[in-house]
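Since the structure comes first, as structure tokens, the remarks are kept for the end.
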Amino acid sequence: MAARPTVRGYLFATPLIVVLAAVVVLPALYNTGLAFLKYDAIRDSWRFVGLGNFDKLVGQDGFWNAVGVTLIWVVGNVSLQLVLGMLVALALNAVTSFRALYSSIVMVPWVSSFVIVAVVFLWLYHPEIGVLNDVLLRLGLVSEPVGWLATPGMAQFSLILANTWKFFPLVAITLFTGLQAIPRELMEASRIDGANRFETLRYVIVPLMAPSIATAVLLSAIWAFNAFTLSIIMTGGGPLRATEVLGLYIYKVAFDSFDFGVAAAASLVLFVTILIVTVAYLRVADPAQETKG
Amino acid sequence: MESAGRRVQFFAHLMLIATAVFVLFPYAWMLATSIKPIADVVAWPIRWLPRSVTLENYAAILSDARFLRSLLNSAVVSVVVTTLSLGLSVPAAYGLTRLVKRGGRGMLIGILASQFFPPMVFFVPFYVALQAVGLLNTIPGLVLAYLSVTLPVCTWMVATSLRDIPTALEEAARIDGCGDLRIIWTIVLPIAAPGIVTAGIFAFVLSWQEYIFALLYTTSEAAQTAPVLMFYLLGQHQIDYARLMAAAVLLSIPIAIPFAVIQRLYRGGLTEGGVKG
């Protein structure tokens with residue numbers, strides 16, 4: 001008890017740090033090592049192969065397909081969520097009544113279980129007896145049932161829509177928080193100076209919100225890079241691998257082909273990509289933060 | 001100006017009502033399907049108003065031993081992960097924010113940063129390690145995998161809520177001769193309760209709904225969690241959507257309740273802006 005506070009402080013943190021080392025740090029290091037090793041079945045041992053696994057990875061069509069699919073998936077999700085999130089944030093900021101109720105409702109998808117989202121959207125998208133087709137047919141918007149997951153393009157779109165349903169709340173609330181921080185006088189001043197609503201949005205609100213937009217985009221992008229629960233449940237990556245994002249590709253390489261080395265290499269590539277995106281985005285977002293202060 | 005303001009209000013409400021419909025419809029449809037007789041579920045064109053309301057889908061899924069087993073497994077995993085996450089993160093957050101003089105914040109950032117590894121980085125290492133120690137296809141194995149996600153986030157959440165609490169009470173208690181454990185128990189826990197409850201709910205909800213790790217590390221029936229079982233129900237030749245939606249409703253309840261608790265805890269935070277604006 002007489003020990004110095006700092007020593008006691010670290011003592012309190014020791015159990016956590018030990019467990020974290022065991023379940024985070026060691027596995028991450030092991031994975032990094034694995035990316036440079038190859039299992040030798042004859043000698044039953046692991047052999048250092050340098051960049052061999054990466055070489056093998058970039059030689060696979062599946063990898064480049066996954067890179068392309070992931071690009072569409074990330075860009076599609078981020079843009080859709082940003083547009084929808086911005087509209088909701090502006091609306092939340094504008095209303096003077098029921099705001100707490102609206103924001104509670106908006107958060108519902110965010111706390112929804114991913115598996116349930118997948119199962120329910122499968123049911124909504126059902127090609128023969130799905131409610132989405134029923135509504136569109138009744139409204140006369142389509143003349144025959146839509147195969148939501150049947151063609152590569154439609155499947156990509158349908159999965160992005162389902163993922164947007166799940167994730168746009170966080171984007172909306174992040175942007176809403178940013179909007180709330182903008183002094184109302186600034187918006188009013190811009191209006192009095194003769195700017196219309198769109199100009200106020202474009203030249204006053206958006207620049208001032210740059211940090212929260214950056215945060216929202218970053219969260220949404222990282223999430224999209226990592227999430228493949230929807231594709232594994234709803235399409236299994238198909239049709240024609242059109243929804244096989246990198247996460248699912250890595251999963252398949254590891255546990256369908258049991259090529260642990262290549263899977264580890266691919267996960268490193270993904271990790272570094274996310275890291276670069278994060279750092280680049282923080283760089284871009286930073287100057288805006290300075291002008292704000 | 002006055003009428004323009006009213007027009008903006010109108011469109012804002014319209015937008016939010018449309019969003020509410022977009023957000024709530026999947027749940028409404030899930031609930032509606034779950035209480036329809038099977039003949040109405042497969043009717044085309046869709047029978048929006050069922051001829052009768054039934055609980056037979058719930059009865060069917062609740063008499064499925066595998067489903068009940070998976071619910072039990074999910075409950076055990078969630079409770080254990082939540083307990084361990086709080087038991088490890090609360091003392092650590094207290095130690096690093098209150099006792100460590102310098103470097104505590106850097107350490108916290110390091111802990112949070114460990115959360116930025118994509119889950120794919122852990123697929124193979126966990127698999128190999130769990131197999132090596134005989135924990136593959138067991139509940140303890142899955143718990144360990146979940147701790148890698150919950151611990152960094154819970155520690156950060158508790159530390160953040162501690163930072164906003166003045167230390168005067170703790171200092172007074174220390175002068176009165178209280179030790180660290182007593183301070184944590186009698187002062188930190190009650191005052192930081194909202195942050196700790198939020199962290200606990202995060203850990204619980206994550207473990208309740210997580211799917212990929214569960215699919216990888218609990219393939220056997222004995223350890224299977226509910227989300228994995230849902231996946232197997234989907235894999236059946238004839239998918240019984242009515243039963244699946246009943247299962248989805250049941251699985252949503254343990255998440256809906258903590259969500260309501262969080263809403264209550266942060267009601268002040270969400271409405272604050274309204275007063276300010």
Check your understanding: At a heavy-atom separation under 4.5 Å, does B:L147 approach chain A through its side chain, its backbone, both, or neither?
Key -> both
**Study point:** Between B:F25, B:Y127, B:F10, the one whose heavy-atom pairs under 4.5 Å with chain A are most numerous
**Key:** B:Y127
**Study point:** Heavy-atom contact with chain A under 4.5 Å, split by part of B:R102
**Key:** backbone
Check your understanding: With a 4.5 angstrom heavy-atom cut-off, which part of B:L16 approaches chain A: side chain, backbone, both or neither?
Key -> both
Point to revise | Which portion of B:A20 sits near chain A, non-hydrogen atoms under 4.5 angstrom | key: both
Practice item. Sort B:A43 into side chain, backbone, both or neither according to what part of it lies under 4.5 angstrom from a heavy atom of chain A. Key: backbone
Practice item. Using non-hydrogen atoms and a 4.5 Å limit, figure out which bit of B:F122 sits close to chain A: side chain, backbone, both or neither. Key: side chain
Practice item. Kindly check if the number of other-residue, nucleotide or ligand heavy atoms within 6.0 Å of CZ (A:F258) is above 12? Key: yes
Point to revise | Structural part of A:T177 lying under 4.5 Å from a heavy atom of chain B | key: neither
Review point. By a 4.5 Å heavy-atom criterion (distance strictly below it), what part of B:L14 contacts chain A: side chain, backbone, both, or neither?
Key: neither
Point to revise | Toward chain A, the part of B:I184 with a non-hydrogen atom under 4.5 Å | key: side chain
Revision key, fill the gap. Ranking A:A28, A:A254, A:A263, A:A118 by heavy-atom pairs under 4.5 Å to chain B gives rank one to A:A28
Review point. Taking atom types as modelled and ignoring hydrogens, do the side chains of A:Y249 and A:T70 form a donor-acceptor contact shorter than 3.5 angstrom?
Key: no
Practice item. Measure distances from A:I232 to the heavy atoms of chain B and classify the residue's part below 4.5 Å as side chain, backbone, both or neither. Key: both
Review point. Of the backbone (N, CA, C, O) and the side chain (C-beta and beyond), which part of B:S85 lies under 4.5 Å from a heavy atom of chain A, both, or neither?
Key: neither
**Study point:** chain B contact via A:N133 - side chain, backbone, both or neither, heavy atoms under 4.5 Å
**Key:** both
**Study point:** Part of B:V228 lying under 4.5 Å from any heavy atom of chain A
**Key:** neither
Review point. Who are the salt bridge (Lys or Arg N to Asp or Glu O under 4.0 Å) partners of B:R182, not counting sequence neighbours?
Key: none
Review point. B:D240: what forms a salt bridge (Lys or Arg N to Asp or Glu O under 4.0 Å) with it, not counting sequence neighbours?
Key: B:R243
Check your understanding: Which atoms of B:L206 come close to chain A, meaning under 4.5 Å heavy atom to heavy atom: side chain ones, backbone ones, both, or neither?
Key -> neither
Study note, to complete from the structure: When the 4.5 angstrom heavy-atom criterion is applied to A:V117 and chain B, the contacting part is neither
Review point. If you count the non-hydrogen atoms of other residues, nucleotides and ligands that lie under 6.0 Å from CZ in B:F231, is the total more than 12?
Key: yes
